[in-house]
Amino acid sequence: MSTTPYTEFMNRNFNESRPITAQWEITFKCNHLCDFCYNSPTGQKEMTTAEILSGLDKIAEMGILYLILTGGEPMVRPDFWKILEGARDRGFATRIYTNGFLIDDEKAARLKALNPFELEISIHGARPETHDRLTGIPGSLARIVTALEFLQKHRIKVNLKCPITRWNQDELRDIRAIGDRFGMAVVFDPVITPRDDGDRSPLHLQATKEFLVRYFSPEFEELRNGRKPVKVDHEKVKSNCGTGRTSFTIDPYGNIYPCVQWRRKVANIKEIGSLTEIWRTSDVLHEVRRIAEEIPRTTLMQKESGAFCTFCPGVAELQTGNPFQMYPQAEHVAEAKLEAFQIAQTGAPCTH
């Protein structure tokens with residue numbers, strides 16, 4: 001595979017454990033009631049504007065390139081615009097993860113003036129009966145479509161994200177058509193995760209195995225932008241993922257984690273002087289990096305479907321108590337990929 005200066009930059013940072021992305025959940029408050037949301041508010045006091053801006057200074061001093069502002073719904077914070085302005089002034093390429101519900105023409109114009117790198121907007125169905133059922137808010141699909149019109153008008157780059165559920169799995173092409181209508185890419189995610197407090201109730205929404213086999217087959221290849229299921233040789237993989245390596249997450253209370261799914265506390269951004277020093281010396285980060293390096297040659301080599309598995313040690317630890325233990329939804333998706341791969345190779349399904 002040919003490389004570009006950008007891929008060389010990314011690979012170097014990965015291999016050297018140099019972070020380039022910070023994801024900040026600036027609030028857990030939200031104007032939607034999504035049944036599968038992983039957030040678990042604790043009732044603690046969320047950080048003030050001044051505390052967040054001070055935290056942005058520490059992130060900037062670390063040389064971080066990308067900043068993600070997310071939630072909850074980040075735009076429900078009254079100081080959202082002040083935070084976004086602070087991100088711009090510190091030179092970050094800022095992504096905003098939002099449900100789009102609050103974006104009207106005036107807010108789209110404000111966004112354009114503050115020049116975020118891009119927005120990622122969640123969409124959960126092509127019909128109100130599906131989307132609004134998943135968000136728990138009547139009229140939410142209509143509001144999002146209106147927001148997309150304003151964002152297109154102001155020429156703001158937008159990607160749409162759609163978690164695949166058993167409720168929307170038959171609408172994926174129609175969801176893609178909404179993106180096509182506005183010239184926006186749509187990314188589909190087949191994995192549903194538990195809540196951060198261990199509540200597994202969101203898992204009942206995961207797509208059916210039968211549908212996922214179809215999704216990873218040539219039938220839906222255009223929805224995967226031509227990507228085919230690829231069998232990975234884990235002997236050649238340095239690390240399972242970039243957790244604690246190229247990115248980290250901060251919650252609304254200032255707690256720093258290796259990633260959004262792995263809630264092992266590293267430190268609190270309000271209580272430290274240097275993120276760079278924490279990044280070099282944290283026992284938590286050393287441990288999660290070690291685990292991520294061992295998983296390809298342990299967990300993922302124990303099953304045939306492991307060669308097709310997108311495995312998250314954070315979810316594994318949350319769900320099973322062991323970051324090395326395979327968890328059902330990862331295996332569910334991996335087996336679907338394996339079956340689709342074998343059908344494509346031989347014309348016959350696997351017999352596992």
Side-chain angles (χ1 to χ4, degrees), residues 32-39 97 99 120-136 140-141 144 159-180 185-196 199-232 241 260-261 300 303-312 314-316 318-320 326-344 349-350 352:
H32 282 179
L33 301 168
C34 298
D35 204 23
F36 50 87
C37 180
Y38 59 79
N39 288 158
Y97 291 177
N99 57 39
E120 294 197 4
I121 294 181
S122 301
I123 185 167
H124 305 292
R127 301 180 303 132
E129 296 88 345
T130 305
H131 178 94
D132 297 358
R133 181 185 180 192
L134 282 160
T135 64
S140 55
L141 178 60
I144 287 175
N159 294 321
L160 302 179
K161 300 185 297 185
C162 177
I164 302 175
T165 68
R166 63 182 59 236
W167 291 357
N168 68 22
Q169 63 186 32
D170 296 324
E171 299 180 20
L172 300 193
R173 284 199 171 91
D174 292 330
I175 293 170
R176 173 67 175 267
I178 293 174
D180 291 344
V186 183
V187 177
F188 296 99
D189 185 354
V191 179
I192 303 295
T193 61
R195 301 192 197 284
D196 289 336
D199 178 1
R200 301 187 187 185
S201 61
L203 302 184
H204 80 278
L205 285 170
Q206 66 182 353
T208 64
K209 172 76 171 297
E210 293 74 19
F211 174 79
L212 288 175
V213 172
R214 291 176 56 210
Y215 175 73
F216 290 112
S217 77
E219 179 184 356
F220 286 94
E221 192 167 305
E222 82 280 7
L223 298 188
R224 306 191 313 274
N225 298 315
R227 291 190 295 271
K228 296 177 172 61
V230 175
K231 189 173 184 178
V232 177
C241 60
V260 71
Q261 295 290 355
L300 299 183
K303 293 178 178 289
E304 185 180 10
S305 64
F308 298 88
C309 186
T310 302
F311 182 87
C312 175
V315 173
L318 174 67
Q319 199 162 328
T320 72
M326 183 65 69
Y327 51 98
Q329 62 271 37
E331 191 167 18
H332 182 75
V333 174
E335 288 179 351
K337 286 183 181 180
L338 169 61
E339 189 163 334
F341 177 82
Q342 292 205 348
I343 291 171
C350 62
H352 61 76

Kindly give the heavy-atom pair with the smallest separation between [X] and [Y], and that separation in Å.
X: Ile192; Y: Pro163; answer: CD1-CB, 4.1 Å
X: Leu300; Y: Cys309; answer: CD2-CB, 3.9 Å
X: Val186; Y: Gly179; answer: CG2-CA, 3.9 Å
X: Ile178; Y: Ala126; answer: CD1-CA, 4.1 Å
X: Val230; Y: Phe308; answer: O-CD2, 3.5 Å
X: Pro194; Y: Leu203; answer: N-CD2, 3.8 Å

Pairing residues for [X] by the ring-ring contact (aromatic ring centres under 6.0 Å, His included) criterion, not counting sequence neighbours:
X: Phe188; answer: none
X: His32; answer: Phe101
X: Phe220; answer: Phe211
X: His131; answer: His124

Legend entry - Aromatic ring pairing Phe311/Tyr327, orientation class (parallel under 30°, perpendicular over 60°, tilted between):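 Aromatic pair Phe311/Tyr327 classed tilted.
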[X]: partners by salt bridge (Lys or Arg N to Asp or Glu O under 4.0 Å), with sequence neighbours left out:
X: Asp170; result: none
X: Arg166; result: none
X: Lys303; result: Glu331
X: Asp199; result: Arg195

In Å and rounded to the nearest 0.5 Å, what is the [atom1] to [atom2] distance from [X] to [Y]?
X: Lys337; Y: Tyr215; atom1: NZ; atom2: OH; value: 9.0 Å
X: Ile123; Y: Asn159; atom1: CD1; atom2: CG; value: 12.5 Å
X: Lys209; Y: Glu339; atom1: NZ; atom2: CD; value: 5.5 Å
X: Cys241; Y: Gln261; atom1: SG; atom2: CD; value: 10.5 Å
X: Arg176; Y: Cys162; atom1: CZ; atom2: SG; value: 12.0 Å
X: Ile175; Y: Ile164; atom1: CD1; atom2: CD1; value: 8.5 Å

Inset, instruction - Test Leu134 against Trp167 for side-chain contact (heavy atoms from CB on, under 4.5 Å), laying out the working first. - result: CA-CA 8 Å; Leu134 282 160; Trp167 291 357; 3.2 Å; yes
Inset, instruction - List the steps, then state whether side-chain contact (heavy atoms from CB on, under 4.5 Å) holds for Phe216 with Val333. - result: CA-CA 9 Å; Phe216 290 112; Val333 174; 3.9 Å; yes
Quick one: side-chain hydrogen bond (donor to acceptor under 3.5 Å, both in side chains) partners of [X], sequence neighbours excluded?
X: Glu219; result: Arg214
X: Thr130; result: Arg127, Glu171
X: Thr193; result: none
X: Thr208; result: Gln169

Legend entry - Side chain Asp132, main chain Gly125, donor-acceptor under 3.5 Å: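 Answer holds: no.
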Inset, instruction - Look at the side chain of Arg224 and the backbone N and O of Arg227, then say whether any donor-acceptor pair between them is shorter than 3.5 Å. - result: yes
Inset, instruction - Report yes or no: is the cationic atom of Lys228 (NZ for Lys, CZ for Arg) under 6.0 Å from the centre of the six-membered ring of Phe341, at an angle within 45° of the ring normal? - result: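 No.
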Inset, instruction - Kindly indicate, with the supporting measurements, whether the criterion side-chain contact (heavy atoms from CB on, under 4.5 Å) is fulfilled by Thr310 and Val191. - result: CA-CA 9 Å; Thr310 302; Val191 179; 5.6 Å; no
Inset, instruction - Could you tell me whether Glu222 and Arg173 have a side-chain N and a carboxylate O separated by less than 4.0 Å? - result: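 Here Glu222 pairs with Arg173 in a salt bridge, since their nearest N and O are under 4.0 Å apart.
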Legend entry - Worked check of side-chain contact (heavy atoms from CB on, under 4.5 Å) between Val213 and Ile343: CA-CA 9 Å; Val213 172; Ile343 291 171; 4.1 Å; yes
Legend entry - Test log, rule side-chain hydrogen bond (donor to acceptor under 3.5 Å, both in side chains), inputs Asn99 and Ser122: CA-CA 5 Å; Asn99 57 39; Ser122 301; over 6 Å; no
